[in-house]
K.L.:
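Sharing a structure below in structure tokens format, with a few things to ask.
Whatever order the structure lists them in is the order used to number ligands and atoms, beginning at 1.
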Amino acid sequence: MSEARNTIIGPDLPNIPWEDRPKDCRNVVWRYSKNPIIPRDAIPTSNSIFNSAAIPYEGGFMGVFRCDDNTRLCHLHTGTSANGIDWEINPDPISFDCAEKEIGPSPYGYDPRVCRIDGQYYVTWCNDYFGPTIGVARTQDFKSFEQLENTFLPYNRNGVLFPRKINGEFAMLSRPSDRGHTPFGDIFYSVSPDMCYWGKHRMVMRTRGGWQGIKIGPGPIPIETTEGWLMIYHGVLMSCNGFVYSMGAALLDIDQPWKVLYRTNPYLLSPQVDYECVGDTPNVVFPCAALADAATGRLAIYYGAADTVVGLAFTQIDELIDFVKANSEV
Ligand code: BMA
């Protein structure tokens, strides 16, 4: 294992969930041996719990989970954990306070991300407003949530905030989409002075062949490093049996994050074990959150598996960056 180079620009996280790479594993990203960490029925009414977010909070961890209920509507639920692995999920969905009745509350919400910016927490998710778009809510305590204006016109999915303002403005990655199971998708960058008005849209990355052939979308909150923003993302291949979702990574310029410095050519993790290949939607690995420990360079990545359960994967940031650079095609 290479020595940590203090690559991560961010706090230490001594209680980051962690398991060493198995001796027989050659991959740069490896799965937690006790996956899935959250079963589909972790709360009484859930059909499935997947594509979910986790963030350090008050010495432990706070999560926002996508729980599809047994009527098959998707809702967002909070959850807490002392170790980032064993979670207690609130059986009641989040109720958003929305001053603007035109936009909320919406009948469904899915694929949440959670981001801390200047001491405030923001949840972004795929929200309904005449089709999918990106909802945003602000919270301090994960009990009351102030829902803000939707960021974009429909249709859009995967709204991922940067953890600090860039050039004085809030910044977000997203993937414009259609109303259904979008057969296209590229990653764009947008900024806002106030979390209300979004603009200066820039293209970041387009699809290419293979595992990222039909659509790509941003995953966890980007991680600031001395080598650029580490953006973990999902890429989708169209097979004769449907979509296959895998995980990749790219490094983006620190001040102009729409400029891609490096982009992995091979995938980092693709659906290959039972709980990723079998479930409500087979063959899905869908990352939505990552924890980082600057002291050791450890990363823990939370991902939805087969649209049914939550898995955890690990990597060392220096090894990951070396891999992305050595296997890059921009
Ligand atoms: C995407 C999103 C995700 C889902 C994935 C695979 O378009 O809807 O929530 O995990 O499809 O079904």
K.L.:
Under 4.0 Å from ligand 1, counting heavy atoms only, is it the side chain of Phe243, its backbone, both or neither?
P.N.:
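No part of Phe243 is near ligand 1 at this cut-off.
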K.L.:
Write out the residue and atom name of the closest protein heavy atom to atom 10 (O) of ligand 1, then the distance separating them to 0.1 Å.
P.N.:
Asp307 OD1, 2.6 Å
K.L.:
State, without any angle test, whether Tyr110 and Arg66 hold a side-chain donor-acceptor pair at a distance under 3.5 Å.
P.N.:
no
K.L.:
Between Phe184 and Lys215, is there a cation-pi geometry (under 6.0 Å to ring centre, at most 45° from the normal)?
P.N.:
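No.
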K.L.:
Applying a 4.0 Å heavy-atom criterion (strictly less than), which segment of Asn51 is in contact with ligand 1: side chain, backbone, both, or neither?
P.N.:
side chain
K.L.:
Near Asp111, which atoms of ligand 1 are under 4.0 Å from a heavy atom of that residue?
P.N.:
2 (C), 3 (C), 9 (O)
K.L.:
State whether the shortest distance between N or O atoms of Tyr245 and N or O atoms of ligand 1 falls below 3.5 angstrom.
P.N.:
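Tyr245 vs ligand 1: N/O contact under 3.5 Å present.
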K.L.:
For Asp194, does the CG atom sit with more than 12 other heavy atoms under 6.0 Å from it, leaving out its own atoms?
P.N.:
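Yes, enclosed.
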K.L.:
Applying a strict 4.0 Å limit to heavy atoms, is His181 in contact with ligand 1?
P.N.:
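No heavy atom of His181 comes that close to ligand 1.
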K.L.:
Are there more than 12 heavy atoms of other residues, nucleotides or ligands under 6.0 Å from atom OH of Tyr267?
P.N.:
no
K.L.:
Can you tell me how the ring of Trp229 sits relative to the ring of Phe162, calling it parallel under 30°, perpendicular over 60° and tilted otherwise?
P.N.:
perpendicular
K.L.:
Out of the candidates Tyr303, Trp18, Tyr302, only one should pair with Phe314 under the ring pair (Phe, Tyr, Trp, His ring centres under 6.0 Å) rule; please name it.
P.N.:
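So, applying the ring pair (Phe, Tyr, Trp, His ring centres under 6.0 Å) to Phe314 and each of Tyr303, Trp18, Tyr302, only Trp18 qualifies.
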K.L.:
Looking only at protein heavy atoms, identify the closest one to atom 8 (O) of ligand 1 and say how far it is in Å.
P.N.:
Tyr110 CE1, 4.0 Å
